[in-house]
Amino acid sequence: MKNQSPAVEMLKSGEIRMTIHGEEASVSLARELVRYALVNWGYELSLVHDSAVVMSEIVTNAVEAARGHALRIRIAVREGLPLLECWDPSPELPRFCDAGLDALGGRGLAIIAAYAKDTGVRPSATGQGKIVWALMPATAQ
């Protein structure tokens with residue numbers, strides 16, 4: 001997987017899917033895919049920026065949970081709102097933690113919750129791994 005280029009699927013339903021490798025470099029790729037999708041779908045730039053931040057945090061958490069494994073991201077529209085998702089094969093659920101001022105990490109879920117209209121985790125349809133998702137608001141907060 002590491003030596004292959006990620007394949008982007010643009011479905012007739014309007015959603016975009018991509019399988020990426022669980023490494024830090026994939027975080028920026030996921031951010032750029034969100035920017036591309038939302039700009040082309042006509043969302044305002046402040047919401048595009050916020051959505052890129054949220055996808056960055058979601059994918060960063062997935063990389064930490066399943067480093068070196070394939071991850072799948074999905075960008076869709078639900079009831080007119082951007083829906084951002086990332087599947088990873090780890091059964092471990094993300095959890096909020098009280099990150100200290102000097103902590104290098106631990107704020108991802110709080111950042112996601114601050115920007116998103118709604119967010120959550122669900123098991124995958126196959127029963128392997130989980131999907132972390134965020135439904136963005138109609139406009140930037």
Side-chain angles (χ1 to χ4, degrees), residues 1-99 101-141:
M1 170 88 191
K2 192 170 187 174
N3 295 328
Q4 297 177 357
S5 296
V8 176
E9 291 180 80
M10 298 177 132
L11 305 176
K12 288 183 181 180
S13 64
E15 69 183 56
I16 297 175
R17 296 179 183 190
M18 180 186 286
T19 300
I20 57 178
H21 194 67
E23 60 187 22
E24 285 82 7
S26 294
V27 175
S28 62
L29 181 61
R31 257 193 323 263
E32 291 305 315
L33 188 62
V34 167
R35 285 187 185 113
Y36 172 81
L38 272 56
V39 164
N40 282 290
W41 292 340
Y43 288 98
E44 64 180 58
L45 290 180
S46 58
L47 182 59
V48 171
H49 170 75
D50 290 357
S51 298
V53 169
V54 168
M55 183 60 95
S56 179
E57 295 298 332
I58 292 172
V59 173
T60 297
N61 288 345
V63 168
E64 290 300 315
R67 187 173 304 278
H69 291 87
L71 310 174
R72 290 192 294 268
I73 59 175
R74 178 175 171 255
I75 306 161
V77 176
R78 180 186 293 160
E79 297 177 7
L81 304 176
L83 175 65
L84 314 174
E85 297 180 338
C86 183
W87 171 88
D88 72 68
S90 172
E92 185 176 334
L93 297 177
R95 55 186 167 76
F96 277 95
C97 61
D98 190 14
L101 294 176
D102 295 335
L104 297 177
R107 295 177 189 86
L109 292 178
I111 291 169
I112 294 166
Y115 283 103
K117 176 180 180 179
D118 197 10
T119 185
V121 180
R122 69 176 188 274
S124 73
T126 64
Q128 180 182 18
K130 64 189 173 290
I131 297 169
V132 177
W133 59 270
L135 184 65
M136 300 304 290
T139 59
Q141 296 187 10

Min side-chain heavy-atom separation Leu38-Ile75 under 4.5 Å: yes

Donor-acceptor pair, side chain of Thr119 and main chain of Ala113, under 3.5 angstrom: no

Leu33 CG to Arg35 CZ distance, which is reported to the nearest 0.5 Å: 11.0 Å

Matching residue for Val121 among Ile131, Val132, Leu109 - test: side chain to side chain contact (heavy atoms under 4.5 Å, CB included): Val132

Residue pair Val77 / Tyr43, side-chain heavy-atom distance below 4.5 Å: yes

Interatomic distance, Lys117 atom NZ to Glu79 atom CD [nearest 0.5 angstrom]: 7.5 Å

Distance, nearest 0.5 Å, that separates CD1 of Ile73 from CG of Asp88: 13.0 Å

Flag side-chain contact, heavy atom, 4.5 Å: Leu47 against Thr139: no

Residues in salt bridge (charged side-chain N to carboxylate O under 4.0 Å, His left out) contact with Glu44, at least two apart in sequence or another chain: none

Heavy-atom closest contact (His69 atom, Pro89 atom, distance): CB-CG, 3.8 Å

Contacts of type salt bridge (charged side-chain N to carboxylate O under 4.0 Å, His left out), residue Arg74, not counting sequence neighbours: Glu15, Glu85

Heavy-atom closest pair, residues Leu71 and Cys86: CB-SG, 4.3 Å

Test item: Trp87 side-chain N/O and Ala70 main-chain N/O as donor-acceptor pair under 3.5 Å: no

Met136 and its side chain to side chain contact (heavy atoms under 4.5 Å, CB included) partner, picked from Val54, Val34, Leu81, Asp118: Val54

Distance in Å, Ser56 OG paired with Glu32 CD, rounded so as to fall on 0.5 Å steps: 10.5 Å

Considering all heavy atoms, the nearest His21-Ser26 contact: O-OG, 2.5 Å

Heavy-atom pair with the smallest gap, counting every atom of Ser51 and Leu84: O-CD1, 3.4 Å

Which atom of Lys130 lies closest to which atom of Ser90, heavy atoms considered: NZ-O, 2.9 Å

Rounded distance (nearest 0.5 Å) linking atom CD1 of Ile16 with atom CH2 of Trp41: 4.5 Å

Ionic contact status for Arg67 with Glu24, cut-off 4.0 Å: yes

